[in-house]
Every structure is written in structure tokens, then in C-alpha cells.
Amino acid sequence: MFALLYDITHVNEEIKKLRFPLGCRSDWHPVPQVQILSDGLTSWLSETGSLTARLQQHCKRFVVQVIGQEEVPADKHEIQVLGNDNNGFIIREVLLWCDDQPWVYARTVIPKTTITNLGQEIEHLGDRPLGAFLFNTEGMTRGVIEVAEFQPGSALFSFAQAISPLPIANIWGRRSVFKISNNALLVQEVFLPAAQAYR
Ligand SMILES: C=C(O[C@@H]1C=C(C(=O)O)C=C[C@H]1O)C(=O)O
């Protein structure tokens, strides 16, 4: 299959239209409770290793494009998972590109207390992948992986279709809480229509 080259200018225009933060509100459920369409998709959704590392195995050019990283309120469902932090939260939203195609939208919610306790590296990643930090940090643990569907009509599906106009009925995401010495952060990753997860 020929690689569909994306017009990065068009994608950047769509990102500009997007009011950061986009968010990824949905109904999240542990993997075993969800009827997922294909083994391939289930394999990607339930990947317990670094998604960055797995993506890099599938492409020559892996790029992290930061949509935004700011101190803004976390969503209710995220606070339910992480617990509240009176110091606030840093929200990081990125696109992960594989060979010039946007494969993943990721939203990470980092309590300010986590940043205080872990140090500034996690706050100053820039376009370095978060996974390179997490999976190379001693004492990192990962909680249960939950999955969710994003259907037409949701903001995330509309954004995904705008940057990747491929025929697809819905898109799927996963989330889990990472902890380093009991300092938590929530990582949410949604596979975009171009991702190999749907092939
Ligand atoms: C958690 C990981 O980091 C990836 C990179 C991210 C980033 O740079 O913001 C966010 C989510 C992940 O897809 C991973 O590689 O598993």
C-alpha cells in the first residue's frame, strides 16, 4: 500500500483551529471487558511496553509533535483516576508521527506535585518522547490499561478525521496511570485512522 503522504501544512492548520487542550473524554473500560474488533487492534491497545518503542519498530521516521503543554485544569474523569492535586496539573498533548503519517494523539496529565517530586526533566521534554523518560526510570510501574472508543460526533473523532481523512467507523484509545516512586501521571493514547493498529 502506498504511504499516504500528509500535507503537514494542512495538519498544522487543523491543529491551529483546535483549541488546546482537546481532551479525550470517553467511557473507559479494562481491556477484557471490551469487545474489540480485531486481534491487531487489541494487540496495540494492550501493549504494556513503550508505545514509542513499538512505533519506532514500525517506521523509519518517528516524530513527536507537541500540540501544547500547559498548566490547565484536568478533566473530571482524569481527576477521578489520579486524585486531585491542589497545586494543579500540566497537560501535554502530542501527535506521534510515523513516516510522515499521524498515528497517535496522546494526552498526558501530570500533577504538579509529581513534577516537584520527580524533577523538571518530565516538564521539559519538548519533542522528546515521554516514553523514553518513563521506561528508562528506575521504579516505574504501570497500572491497568483501560480502553475506549471515540465515535463520530466526538471532538477527538472530528479532529482525527480532519487531520487524517480516511474512511473509519470509529477510533480507539487506551489509558493507564504510570507511577514513579508513587508519583502518578495519566497517559492517554488514541490511535488515529492512519495507524497500523487498524490495518
Ligand atoms: C508513554 C509513552 O510515551 C509516548 C509519548 C508521549 C509524549 O511524548 O507525550 C505520550 C504518550 C506515549 O505515546 C510510551 O512511549 O509508551
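When a ligand or atom number is given, it counts from 1 through the structure's own listing order. Note that these values count all heavy atoms, side chains included, but never hydrogens, waters or copies made by symmetry.
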Q: Compute whether any side-chain donor of one residue and acceptor of the other, for Gln196 and Trp103, lie under 3.5 angstrom apart.
A: no

Q) Quick one: side chain to side chain donor-acceptor pair (under 3.5 Å) partners of Glu93, sequence neighbours excluded? A) Tyr105, Arg107

Q.
If we check side-chain contact (heavy atoms from CB on, under 4.5 Å) with Ile115, which of these qualifies: Asp85, Ile90, Asn87?
A. Ile90

Starting from the N and O atoms of ligand 1, find every protein N or O within less than 3.5 Å and list the pair with its distance.
| residue | atom | partner | partner atom | Å |
| --- | --- | --- | --- | --- |
| ligand 1 | 3 (O) | Gly131 | N | 2.8 |
| ligand 1 | 8 (O) | Arg92 | NH2 | 3.0 |
| ligand 1 | 8 (O) | Leu130 | N | 2.9 |
| ligand 1 | 9 (O) | Arg92 | NE | 2.7 |
| ligand 1 | 13 (O) | Glu189 | OE2 | 2.8 |
| ligand 1 | 15 (O) | Ser50 | OG | 2.8 |
| ligand 1 | 15 (O) | Leu51 | N | 3.4 |
| ligand 1 | 15 (O) | Thr52 | N | 2.8 |
| ligand 1 | 15 (O) | Thr52 | OG1 | 2.6 |
| ligand 1 | 16 (O) | Leu51 | N | 2.8 |

Q.
Contact between Ile110 and Phe89 at the side-chain level, heavy atoms closer than 4.5 Å - yes or no?
A. no

Q.
I'd like to check the salt bridge (charged side-chain N to carboxylate O under 4.0 Å, His left out) partners of Lys179; sequence neighbours left out, ordered by chain and number.
A. none

Q | All pairs passing ring-ring contact (aromatic ring centres under 6.0 Å, His included) where residues 140-183 contributes a residue, at least two apart | A | Trp28-Phe150, Phe135-Phe178

